[in-house]
Amino acid sequence: MSSNYDKQSMEDCCDHVVEEECCDHEPVVAYLNGNLGQIAGGNLPANNLTRVPFTNILFRTPGVEIPQDGGVTVLEDGEYFISFNAQYTISGGVAATVTFSIFAPTLIGTATSPLGPGAATFSTLAHLRRGDTVYVTVTSSAALTFVGALLTVAKIPE
């Protein structure tokens, strides 16, 4: 399992505490990007349920895996902060209903557009078990020419 987490970031903790236990409390975080639409090779058709392909790893630590079809699989039981943000463009600028559904592994929420069409956001705390995968689907009543999204999954320290 590859990682871009620098274990030396825990240096301060380990230098000042005699117990080795401190060094075992590494953060568990995944921060991913996924794109659909023209940037990924074509429009996303209307009324087509599609899983957002969160496969572009921006940051991750040990304790998570990234499945081939995107998302984040956690390797530890615990309470996790889950955050999702998306920007999207509707083909032809027509009015449409765009729904982003967040699963972990069952439906935990739907992203809303508090700033109006073109953006959606969602965040929550959820108890996840080892092997659970957090992923997002999108459907729209009109074709989408672009979807750019970010997914963050971070374990809350005990």
Heavy-atom closest pair, residues [X] and [Y]:
X    : Y    : answer
E65  : R60  : CA-NH1, 4.2 Å
S91  : N43  : OG-ND2, 4.2 Å
S141 : A46  : O-CB, 3.7 Å
D69  : R51  : OD2-NH1, 3.1 Å
A120 : A111 : CB-CB, 3.9 Å
G148 : N35  : CA-OD1, 3.4 Å

Quick one: does [X]'s side chain get under 4.5 Å of [Y]'s, heavy atoms only?
X    : Y    : result
T133 : P105 : no
V138 : L144 : yes
V64  : V153 : no
L150 : L58  : yes

What about [X] and [Y], same hydrophobic cluster or not, with Ile/Leu/Val/Met/Phe/Trp/Tyr joined at side-chain heavy-atom distances under 4.5 Å?
X    : Y    : value
Y135 : L32  : no
F122 : L107 : no
L128 : I66  : yes
L49  : L151 : no
I57  : V136 : yes

key: Exercise: do T121 and N85 side chains pair donor with acceptor under 3.5 Å   =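 Indeed, the side chains of T121 and N85 share at least one donor-acceptor pair under 3.5 Å.
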
message = Tell me whether Q87 at atom CD has more than 12 heavy atoms from other residues, nucleotides or ligands lying less than 6.0 Å away.
response = no

query = Counting only heavy atoms not in F103, do more than 12 fall under 6.0 Å of its CZ?
reply = yes

request  = Report the C-alpha separation of V74 and V28 in whole Å, then their side-chain angles, then the decisive distance to 0.1 Å, and conclude whether the side-chain contact (heavy atoms from CB on, under 4.5 Å) test is met.
outcome  = CA-CA 8 Å; V74 299; V28 176; 5.6 Å; no

Supply the atom-to-atom distance [X] [atom1] to [Y] [atom2], rounded to the nearest 0.5 angstrom.
X    : Y    : atom1 : atom2 : answer
T145 : L36  : OG1   : CG    : 11.5 Å
E79  : E158 : CD    : CD    : 10.0 Å
I102 : T137 : CD1   : OG1   : 8.0 Å
I90  : T97  : CD1   : OG1   : 8.5 Å
I156 : H127 : CD1   : NE2   : 12.5 Å
N48  : S140 : CG    : OG    : 10.5 Å

message = Apply side-chain contact (heavy atoms from CB on, under 4.5 Å) to residues E26 and T61 and explain how you reach the verdict.
response = CA-CA 8 Å; E26 295 178 358; T61 65; over 6 Å; no

ask   = Out of V134, V72, L125, which one pairs with I82 under the side-chain contact (heavy atoms from CB on, under 4.5 Å) rule?
value = V134

Under 3.5 Å donor-acceptor, T139 side chain and T99 backbone =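 Answer holds: no.
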
request  = Could you note down all residue pairs passing ring pair (Phe, Tyr, Trp, His ring centres under 6.0 Å) where residues 65-93 supplies at least one of them, sequence neighbours left out?
outcome  = F84-F100, Y88-F100

